[in-house]
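A short worksheet on the structure shown next.
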Amino acid sequence: MQSEVEFRFSHDIFADTGALYSEDYIANRLAEKVAFLQKLDITPHVDITPDQVVMTPSRASIVGNFAE
């Protein structure tokens, strides 16, 4: 069963760059996902890949099979 953890921010945490779905846009989104994941400290450790993260400038969601 898939679970989703959502983070909503009171201000934008990054700005999109490049034309929608251009190489620059996609590279920027990937870099922001990686930077976001590097800031998380989850105990016990959970492996999360950038593919599991959905981001907008003011929101981040992590989707995966999580268990206690």
Test side-chain contact (heavy atoms from CB on, under 4.5 Å) on Ile48 and Ile42; report intermediate values, then the result. CA-CA 10 Å; Ile48 302 170; Ile42 301 172; 3.7 Å; yes
Walk me through it: do Tyr25 and Arg29 pass the test side-chain contact (heavy atoms from CB on, under 4.5 Å)? CA-CA 6 Å; Tyr25 177 91; Arg29 281 286 175 107; 3.3 Å; yes
If we only count heavy atoms from C-beta on, is the Pro50 to Leu37 side-chain gap below 4.5 Å? yes
Close side-chain approach of Ser58 to Ile13, heavy-atom, < 4.5 Å: no
Taking all heavy atoms of Ala60 and all of Phe9, pick out the closest pair and write down the distance. N-CE1, 3.9 Å
Over all heavy atoms of both residues, which pair between Gln2 and Asn65 is shortest? Give the atoms and the distance, please. NE2-OD1, 3.6 Å
Shared hydrophobic cluster for Phe14 and Val54 (ILVMFWY, side-chain gaps under 4.5 Å): no
Determine yes or no for a side-chain-to-main-chain donor-acceptor pair under 3.5 angstrom, with Asn28 supplying the side chain and Ala15 the backbone. yes
From CA spacing to verdict: side-chain contact (heavy atoms from CB on, under 4.5 Å), Phe7, Phe36: CA-CA 11 Å; Phe7 300 85; Phe36 175 76; 3.7 Å; yes
Starting at CE of Met55, measure out to NZ of Lys33 and round the result to the nearest 0.5 Å. 8.5 Å
Reported CD-to-CD distance for the pair Gln52 and Glu4, which is rounded to 0.5 angstrom: 12.0 Å
Which residues share a salt bridge (Lys or Arg N to Asp or Glu O under 4.0 Å) with Glu23, sequence neighbours left out: none
Could you go through the side-chain contact (heavy atoms from CB on, under 4.5 Å) check for Leu40 and Ile62 one step at a time? CA-CA 11 Å; Leu40 289 181; Ile62 302 171; 3.6 Å; yes
How would you list, by chain and number, every residue that makes a side-chain contact (heavy atoms from CB on, under 4.5 Å) with Ile26, sequence neighbours excluded? none
